[in-house]
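Data first, discussion second: the structure below is written as C-alpha cells.
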Amino acid sequence: MSMNFKNSWSKRLGFVLALNLLLSVAVMAAATGTSQEAQATNANYGFQTVAKTLEYGQNVVAVIIDMGADVPASAINIGTFSVSTTNLRQNLTTVAYSGPRTVVNAYVNNTKELGEHADNGRYIVLELLYGYTVPGATTLYYVSYNYLLVMNYQVTQNISFPFTDATIVDPAATTYTKVGEINLVADSFAKLGQGSLNYRLFTPADTTKAQPLVLFLHGSGEGGTGNNESQLRANMGATAWAEPDFQNRHRSYVMAPQTGGSWSNTNLDLSYTVIQGLIDAGKVDSRRVYLVGLSSGGGGALTMLSRHLTMFAAALINCPASTVSVAQAATFASTYQHIWLVQALNDPTVNPANTTLSYNRMLAAGVDVYYTTFPDVHTDLGTYSGHWSWVYTYNNFVDPGPQQRGPVMDWLFGSPCCFQLTTAVSPSASAGTITPGSGVVTNGAVVSISATANAGYIFAGFSGALTGIATPQNLTVRADANVVANFTPLAPALNATVGARSDGGGTRLAPITLTNTGQGAATNATISSVTASVTSGSGSVSVSSGVPVNVGTIATGASSTPAVVVFSWPATAIRVALTIKFTADGGYSGTSTVTVFR
C-alpha cells in the first residue's frame with residue numbers, strides 16, 4: 001500500500017511542477033510580448049518616390065514602400081512614418097533643400113496606384129504635401145535651364161506595426177532604402193534619338209491603325225541640358241496630351257524633342273524626319289499631325305510651319321518668341337492653316353504687342369487664326385509669371401470670350417489638316433478624263449476640277465460633291481469628298497441605201513450600205529433583218545441569205561462597206577419596198593424603208 005501511495009504522489013507532484021513551469025513561461029512570454037507575435041529583425045525595405053508633372057512643374061507627390069508581404073490598412077496612419085529629403089544640384093555640393101516632407105495620407109494597396117485603397121496590401125503609399133511654393137517638393141532647379149535635382153529621400157519608421165500574419169515590424173530593427181523613382185506619365189515616353197536630336201515619344205494604347213501625333217516644342221528653359229528629361233518635367237506641354245483622361249478621348253502619339261538651345265532648322269527638320277518615318281510606317285495618320293509650342297518653342301512652331309507647311313493640321317502656340325512676317329502669313333493662308341495663339345497681357349518675356357501683330361497679319365492674309373489673351377496667369381493652385389500662359393492651355397481652357405471657343409486641346413483634334421479627294425469617271429475610263437486625280441488635299445483648299453470627254457462621248461455633268469454640267473468648277477475641301485465626271489456616248493444616226501441589183505443564178509443580189517450622219521460612231525453596226533413587200537407586180541420576195549451581218553464601226557459622216565443580201569425575187573415582182581433594220585452598240589437601233597425596182 002505504501003508503495004502505491006508514494007507512486008501516486010510522485011505522479012501528482014510531477015504534474016504540478018510541470019504545470020507551474022508552463023504557467024511561468026506563459027507569464028514571461030506575456031511580459032515580453034513574444035508568445036503570439038514574432039518580430040521582424042534587421043529588415044530593410046525598398047521605396048520609390050513618385051513624381052507628377054503639374055502646371056507649375058514636376059513635384060514629388062508620394063513615396064511607395066514595398067513591404068514584400070501584406071500589411072493591414074488599419075495598422076498604418078500618417079504618423080507611422082516620417083519622410084525627409086536632401087536635394088542637391090548637379091554639382092552634388094550645393095544643397096537646394098534639406099528637410100522634412102509632410103505626409104498627408106497613408107494607405108495600402110497591391111497596385112502602387114495613387115488613391116487606390118485596400119484593406120490589406122503589400123505596398124504602403126505615403127502621399128506628401130506638394131505645391132508651387134511647398135519647400136522640397138520640386139524635382140527641378142533653374143539656372144538658365146531647368147536641371148534635375150539629385151534627390152536623397154529618407155523614410156523613417158516611427159512606430160511598430162504588424163504584417164497580416166501578426167509579425168511585428170520594429171522601427172529599431174528596420175531600415176528603408178530608396179530604390180527608384182516613378183515619374184507619372186513621363187515614364188511612358190520612350191527615350192529615342194534621330195541624329196543629333198534627342199526626343200521622347202509616347203505611343204498610344206491602340207496601335208492597330210494609324211493614329212494622330214502631337215509634336216511639342218519646348219521653351220528655352222527646357223533645352224540646353226541634353227538630359228532628354230526637362231521637356232517632360234518643367235511643364236505639362238508634352239505630358240498633358242498623354243494623360244489617361246485625354247488619351248481616352250483622343251488616342252495619339254506625342255513627340256517631345258529636346259534642343260540644345262534655340263530651335264534651329266536642323267532640329268526642326270530632324271523632327272520632321274522622325275514624323276515622316278512614322279507616317280511611312282503606317283503608324284501616324286498623315287492628316288492628323290498637330291503642332292504645339294511655347295515661348296521659344298512657339299517661335300520654333302512658326303518656323304516649322306513655314307518649312308513643312310503641309311504636314312500639320314493645326315497649331316496651338318503660346319507666347320511665340322518670334323513675329324510672323326507678311327510673307328509668312330501669306331504662306332500660311334495658301335494652305336488654310338488653323339492656328340490658335342495664346343498669351344497673357346502681362347508677359348514680361350514676350351511682348352504681347354508682337355503676338356498681336358502676328359495675329360493681325362495672319363488674319364489679313366486669310367489664315368484661320370484665333371487669339372486668346374488673359375490679363376495675367378493664375379489658377380487655384382498659384383499665381384505665376386505672366387509668361388506662363390501655357391498653364392491655361394494645358395488645363396484645357398475654354399475661351400472666355402463670347403464665342404466660348406474650346407476646350408482648346410480638344411479643338412486641336414477637331415482640326416484635320418487635309419482630306420481625301422476621290423475623283424472618277426463614268427461609265428468607264430475610256431469615256432473621258434477628270435482632273436485632278438484622287439489624292440490628299442489640304443483642309444480648306446480650293447480645287448479646280450474639270451472634265452474632258454473622249455471621242456464619241458459627251459460630258460453629261462458632275463455628281464457627288466459637285467453637280468451641274470459646267471466645267472471646270474471649284475470645290476472648297478472641308479471634308480473627304482468624292483466627285484464623278486459622267487459621260488454619255490454620242491449617238492449615231494444610221495440610214496440604209498440599196499445599190500444596183502444583179503442576178504445571181506435564179507436569185508437577185510442587192511448591196512445594202514449603212515451611212516452614219518450622227519455625232520457618235522456606230523460601233524458594231526449590224527444589219528439585223530430585211531423584209532420585202534411587193535408594191536407593183538405579183539409574187540413575193542424574201543431574203544435567202546446575207547443577214548444578219550455586222551458591218552463594223554462606222555465613224556460619223558462615213559459609210560459601211562456594202563453588204564450583199566441575196567433575195568428570192570421573181571421577175572413578176574416589179575417594185576419592192578425593202579424594210580431594213582439595223583443596230584449598234586449602246587442600245588442604238590433604227591429602220592430604213594427603201595423602195596426599189598427589180
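Just so it is clear, the model here is predicted, and its values are computed rather than measured.
- We find the CD1-CG distance between Ile317 and Leu302 to be 4.0 Å, quoted to the nearest 0.5 Å.
- For Ser358 (side chain) and Val324 (main-chain N/O), a donor-acceptor pair under 3.5 Å exists by modelled atom type.
- Of the possible polar contacts, one joining the Arg200 side chain to the Ala186 backbone as a donor-acceptor pair under 3.5 Å is found.
- The backbone N or O of Phe397 lies less than 3.5 Å from no partner atom in the side chain of Asn395, so there is not a single donor-acceptor pair.
- Looking only at side-chain heavy atoms (C-beta outward), His378 and Tyr392 come within less than 4.5 Å of each other.
- Rounding to the nearest 0.5 Å gives a distance of 8.5 Å between CG of Asp368 and CD1 of Ile339.
- Within 6.0 Å of the CG atom in Leu192, the count of heavy atoms belonging to other residues, nucleotides or ligands exceeds 12.
- Using modelled atom types and a 3.5 Å distance limit, the side chains of Gln154 and Ser84 yield a donor-acceptor pair.
- Using a 4.5 Å cut-off on side-chain heavy atoms (C-beta onward), Asp376 and Thr383 make no contact.
- Residues Tyr371 and Thr356 form a side-chain contact, since some pair of their non-hydrogen atoms from C-beta on lies under 4.5 Å apart.
- More than 12 heavy atoms of other residues, nucleotides or ligands lie within 6.0 Å of NZ in Lys191, so this atom counts as buried by the packing criterion.
- Looking only at distances, no side-chain donor or acceptor of Asn267 sits under 3.5 Å from a matching main-chain atom of Trp263.
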Determine all donor-acceptor pairs shorter than 3.5 Å in which one atom belongs to a side chain in residues 214-222; sequence neighbours excluded.
| residue | atom | partner | partner atom | Å |
| --- | --- | --- | --- | --- |
| His218 | NE2 | Thr259 | N | 3.0 |
| Glu222 | OE1 | Gly219 | N | 3.1 |
| Glu222 | OE2 | Asn146 | ND2 | 3.0 |

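- Atoms CD1 and OG1, from Ile434 and Thr423 in turn, are 5.0 Å apart once rounded to the nearest 0.5 Å.
- Below 30°, between 30° and 60°, or above 60°: for Tyr141 and Tyr147 the angle between ring planes is below 30°, a parallel geometry.
- Side-chain N/O atoms of Glu55 and Thr379 include a donor and acceptor closer than 3.5 Å.
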- prompt: Do Asp269 and Asn265 pass the side-chain hydrogen bond (donor to acceptor under 3.5 Å, both in side chains) test, and can you show the C-alpha distance, the side-chain angles, and the key distance before you say yes or no?
  reply: CA-CA 6 Å; Asp269 292 346; Asn265 290 342; over 6 Å; no
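- Counting heavy atoms from C-beta on, the side chains of Thr203 and Tyr253 come closer than 4.5 Å.
- Under 3.5 Å, the side chains of Ser450 and Thr435 contain a donor-acceptor pair of N or O atoms.
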message: Please determine whether side chain to side chain contact (heavy atoms under 4.5 Å, CB included) holds for the pair Leu291 and His308, giving the CA-CA distance in whole Å, both sets of side-chain angles, and the decisive distance to 0.1 Å.
response: CA-CA 11 Å; Leu291 178 61; His308 304 289; over 6 Å; no
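- Tyr130 contributes atom OH, which lies 8.0 Å from atom CG of Asn59 (distance to the nearest 0.5 angstrom).
- Here the two rings, on Phe47 and Tyr153, have centers that are 6.0 Å apart or farther.
- Remark: side-chain polar atoms of Thr373 are not paired, donor with acceptor, to backbone N or O of Ala344 under 3.5 angstrom.
- Annotation for Lys178: atom NZ counts as buried by contact number, over 12 foreign heavy atoms lying within 6.0 Å.
- Atom OG1 in Thr111 sits 3.5 Å away from atom CD in Glu116 (nearest 0.5 Å).
- Atom CG of Asp119 has 12 or fewer neighbouring heavy atoms from other residues, nucleotides or ligands inside a 6.0 Å radius.
- When side chains are defined from C-beta on, His250 does not count as touching Pro204, because their heavy atoms never get closer than 4.5 Å.
- Judged by distance alone, the side chain of Asn87 and the main-chain N or O of Tyr97 form no donor-acceptor pair under 3.5 Å.
- Side chains of Gln247 and Ser252: a donor on one and an acceptor on the other come within 3.5 Å.
- Under the 30°/60° scheme for interplanar angles, the aromatic rings of Tyr176 and Phe81 are found to stand perpendicular.
- Taking the ring axis of Phe413 as reference, the NZ or CZ atom of Arg249 does not stay both within 45° of it and closer than 6.0 Å to the ring centre.
- With contacts defined as side-chain heavy-atom distances shorter than 4.5 Å, the pair Thr94/Leu88 does not qualify.
- Taking the six-membered ring where the residue is Trp, the centroids of Tyr394 and Phe246 are separated by 6.0 Å or more.
- Ring geometry for Tyr132 versus Trp388: interplanar angle over 60°, hence perpendicular rather than tilted (30 to 60°).
- With contacts defined as side-chain heavy-atom distances shorter than 4.5 Å, the pair Met409/Val292 does not qualify.
- The side chain to side chain donor-acceptor pair (under 3.5 Å) with Gln231 is formed by just one residue from the set Asn235, Asn227, Asn228; it is Asn228.
- In this structure, the side chain of Asp399 does not engage the main chain of Gly406 through any donor-acceptor pair within 3.5 Å.
- Side-chain contact check for His387 versus Pro348: some heavy-atom pair is nearer than 4.5 Å.
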